[in-house]
> 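This structure is in structure tokens; I'll ask about it shortly.
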Amino acid sequence: MNRLAVLIVLASMVFGALVGFAVPTLSGTVYRSGATIVFTAVQIQPKPATASVARHVSERMPSWAKVAASGAVAGEAHLGAGEFITAHEISGVQSLRIELNSPNRDGLAERTTAAANTVISVVTRMEFNRVSGVVSEPGGEPVNMARAWAIWAAMLGAVLGALAGWLVCSLRRPGRWVAQIADGGSRVEGAEAFAASVDHEIRALWSAVRTRRGFMVIGLGFFAIAGYAVTGSVGPPFLVLLVAGYAAFRDPRWIAGALLILGASVLPPKLELVKIGPVTPTVLEVAVFLGLVLVWRKPGKSIFMWPLILVTAVVAIGCARGITGGGEFSEVADAMRALLLVPLGFVIVYRAFAGKLPQLVAVVAIGAAVASAVELLASVMDWQRLLVDERTSVITGDDTSEVSRLSAPILPLWGPLLILLASGAFPIRPRWRLLLIALPGLAHEALSFNRSTWAPLLGCVVLVAIARFGSRGLVKRLLAAAALGALALGLASGGVLGTTGEALAGRVTSVFSGEALVEDSLADRVRENTAALNTLLEHPVAGSGVGVPYGGEIIWYDEVHDRTVVEARPWIHNQYLRMWLWFGVFGLFAVGLLMVRVASAVVHSWRLRAPGTVLVVALGLGLACMAMQSIFQTTLIDRPSLMAIALTLAMLALAVGWRPRFDQVGETPSSARRIMTR
């Protein structure tokens with residue numbers, strides 16, 4: 001980066017910080033005063049209080065927190081202009097913290113106490129006087145919140161400004177990495193040639209499985225999965241890993257394949273081996289170690305080398321801060337081992353399949369289809385060991401359906417893969433073969449019941465379909481898909497497809513009816529975000545460190561001891577808040593630089609008319625899909641999601657420099673005449 005680019009990035013960072021600082025400041029000074037309410041249950045019969053009565057209060061506390069911030073309380077408390085109440089539960093002590101926010105400091109403490117009494121009055125009426133409350137702590141000294149929010153917003157603005165400046169420089173005058181992008185081709189011919197190459201690899205795989213070596217490989221895969229399913233032992237997968245490691249001395253693709261089977265299939269990613277001190281290595285981590293040894297000396301620098309090195313450094317610093325900040329060593333070590341799967345897994349896959357991208361895509365597509373088919377079969381046959389992270393109920397609104405909610409390590413990979421299958425860079429003929437690959441993934445995505453993954457995936461598929469078919473072609477397909485979807489939803493709602501179909505129809509319709517916005521899961525995630533933001537207001541620059549509690553809590557009832565248990569919540573669904581908490585603003589900046597490099601690779605591949613442009617755009621959208629899902633899912637500590645990110649990054653890094661062989665150009669024409677040609 002030259003001096004001008006440095007100046008642009010610094011100027012953008014300063015401008016972003018100033019804008020971020022100014023927004024809370026110019027919006028007016030906000031003062032906050034807090035009071036605490038303690039609720040107790042009122043018994044009708046004159047007998048000692050029981051745990052069940054106390055539990056009634058604990059169960060109702062989240063609802064009362066919503067009541068405290070409602071318009072009913074605001075109207076009865078006669079709040080002034082610009083005043084509002086926030087409330088959150090103090091877990092385990094049957095208390096509610098009421099905070100009155102106001103632009104007027106005078107008399108705020110007294111008005112906060114009065115607002116707390118109003119909350120008590122409204123809640124007791126709603127509960128038909130079965131509960132009572134008392135203000136245990138009156139309104140405190142008003143605190144000016146504008147400064148804390150201004151510093152927080154300044155940090156966020158500085159990061160976003162610096163990333164925006166970096167993106168502009170990268171798009172206008174990229175660095176030497178852009179030389180790795182192949183140029184001088186045709187997007188249409190490149191897409192056709194790549195589809196032909198993948199078709200050739202699929203046919204070659206089909207021919208290979210009918211050989212003696214093919215039967216041996218399939219037998220080893222069956223032994224690893226079936227052996228674990230029957231015995232629950234790590235022995236079968238570990239033995240197969242050793243065989244793959246031995247074969248990888250001649251061809252490192254074997255160890256990369258083993259890595260994908262162990263990290264993104266139906267096997268649990270944390271198959272632990274022998275405990276070594278405070279750490280117990282897993283079979284997946286042994287595969288990573290063997291893969292690094294075998295590919296370390298292979299040449300190949302990627303466009304993501306420096307961004308991933310920066311991410312690795314930030315992870316190390318965040319873990320060190322977590323240990324010194326009081327985080328448990330086991331949690332810090334586990335988080336670090338999971339996060340390092342991205343850079344290390346990327347290196348292994350990228351170097352092992354260098355120059356063999358069509359083969360990698362064919363292997364991943366077929367392997368994912370087989371893995372999801374096995375997961376669906378395991379659900380039907382009730383093979384519990386292969387139902388990784390399965391849940392037996394789905395809560396939609398006030399309705400609880402007792403159905404199987406599938407997850408499995410292969411699921412996170414289906415987002416990028418389905419986008420790739422729809423892009424035109426994958427052979428679509430014969431159609432039965434495409435359906436055979438895509439249907440297990442579609443069924444698996446549907447049976448995951450994850451609405452927060454459906455919406456980003458659908459949006460990215462529509463974008464790639466617009467680029468591929470144009471607006472007219474897209475409208476025709478959307479109308480057909482809408483008709484089929486409405487028919488399927490009607491049949492499912494009527495019970496034709498069984499209990500699972502009814503639950504799935506209710507899950508889909510809840511998005512359009514607005515029922516999803518009033519569910520407890522959404523309120524629970526809002527409480528997570530509130531706790532995280534309160535912590536970040538105190539540590540806006542460096543965060544709190546890896547493994548340090550951020551204020552979120554888990555409340556559950558211990559039926560054995562008949563008591564409510566409150567524990568620190570180790571996870572948070574918004575992964576960008578988690579990055580900020582763990583790694584500070586430096587972590588946000590490092591991950592943002594990786595995103596900037598992805599966006600730059602997509603744009604420059606388009607400008608240079610790289611032969612792999614269609615593939616690059618599809619994989620870029622796949623990464624964008626996972627980035628959007630990270631707002632609602634715990635992807636930063638989920639090993640399968642991290643493996644999916646590593647694999648998608650590796651395919652994207654290989655795609656920017658991919659060139660077709662001359663004998664493949666135009667060999668298998670696509671049915672779509674417009675494949676991202678405009």
Side-chain angles (χ1 to χ4, degrees), residues 91-92 234 262-263 268-286 288-289 311-345 388-389 407 409 412 524-525 527-536 538-539 541-556 558 565-588 590-591 630-646:
S91 305
V234 301
L262 292 169
K270 291 191 70 174
L271 292 173
E272 296 183 333
L273 296 169
V274 181
K275 185 176 180 64
I276 302 176
V279 176
T280 305
T282 65
V283 180
L284 176 60
E285 290 165 352
V286 174
V288 171
F289 174 76
V311 168
T312 305
V314 166
V315 169
I317 294 172
C319 290
R321 175 169 169 74
I323 293 175
T324 58
E328 291 190 15
F329 180 81
S330 58
E331 293 184 12
V332 175
D334 187 70
M336 183 177 69
R337 290 154 57 192
L339 290 166
L340 289 180
L341 285 176
V342 173
L344 301 183
V388 183
D389 296 331
S407 182
D524 191 47
R525 297 184 187 192
R527 287 193 292 271
E528 288 179 356
N529 296 342
T530 301
L533 287 173
N534 288 334
T535 300
L536 288 173
E538 300 177 5
H539 309 283
V541 179
S544 56
V546 178
V548 178
Y550 67 93
E553 295 170 323
I554 304 173
I555 308 171
W556 58 282
D558 184 357
V565 180
V566 181
E567 297 177 343
R569 178 170 298 203
W571 69 81
I572 181 173
H573 286 82
N574 190 320
Q575 296 308 288
Y576 299 99
L577 288 179
R578 182 194 288 275
M579 291 177 201
W580 200 340
L581 287 165
W582 276 7
F583 314 122
V585 292
F586 311 104
L588 288 179
V591 175
S630 296
I631 302 175
F632 310 103
Q633 299 293 334
T634 56
T635 54
L636 200 61
I637 57 172
D638 181 52
R639 283 170 168 80
S641 297
L642 295 171
M643 280 301 305
I645 293 172

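Start at 1 with the first residue, then count along the sequence.
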> Looking only at atom types and distance, does a side-chain atom of Ser641 sit under 3.5 Å from a main-chain N or O of Ile637, one as donor and one as acceptor?
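No, Ser641 side chain to Ile637 backbone: no donor-acceptor pair under 3.5 Å.
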> Checking Pro640 now: which residues fulfil side chain to side chain contact (heavy atoms under 4.5 Å, CB included) with it, not counting sequence neighbours?
Pro269, Pro409, Pro412, Asp638
> Write down the atom of Ala646, the atom of Leu341, and the distance for their closest heavy-atom approach.
CB-O, 3.8 Å
> Which heavy atom in Pro343 sits nearest to a heavy atom in Thr312, and how many Å separate them?
CG-OG1, 3.5 Å
> According to ring pair (Phe, Tyr, Trp, His ring centres under 6.0 Å), who are the partners of Trp582, at least two apart in sequence or on a separate chain?
none
> Does any N or O in the side chain of Arg321 come within less than 3.5 Å of the main-chain N or O of Gly584, such that one atom is a donor and the other an acceptor?
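Looks like no, no N/O pair under 3.5 Å.
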> Tell me every residue that passes side chain to side chain contact (heavy atoms under 4.5 Å, CB included) with Ile572, counting only those two or more places apart in sequence or in another chain.
Glu528, Asn529, Ala532, Tyr550, Leu577, Arg578
> By side chain to side chain donor-acceptor pair (under 3.5 Å), which residues pair with Ser544, not counting sequence neighbours?
none
> Which pairs would a plain distance check flag for residues 327-340, meaning a side-chain donor or acceptor within less than 3.5 Å of a matching protein atom at least two apart in sequence or in another chain?
| residue | atom | partner | partner atom | Å |
| --- | --- | --- | --- | --- |
| Asp334 | OD1 | Lys270 | NZ | 3.0 |
| Asp334 | OD1 | Arg639 | NH2 | 3.0 |
| Arg337 | NE | Glu285 | OE1 | 3.4 |
| Arg337 | NE | Glu285 | OE2 | 2.7 |
| Arg337 | NH2 | Thr280 | O | 2.8 |
| Arg337 | NH2 | Glu285 | OE1 | 3.1 |
| Arg337 | NH2 | Glu285 | OE2 | 3.2 |

> With sequence neighbours left out, write down each residue that passes side chain to side chain contact (heavy atoms under 4.5 Å, CB included) with Ile631, or none if nothing qualifies.
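Side chain to side chain contact (heavy atoms under 4.5 Å, CB included) list for Ile631, sorted by chain: Asn574, Tyr576.
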> Val311: which residues meet the side chain to side chain contact (heavy atoms under 4.5 Å, CB included) condition with it, sequence neighbours left out?
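With neighbours one apart ignored, the set is Val315, Ala590.
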> Can you name the nearest heavy-atom pair linking Thr535 to Gly551, along with the distance?
OG1-N, 4.5 Å
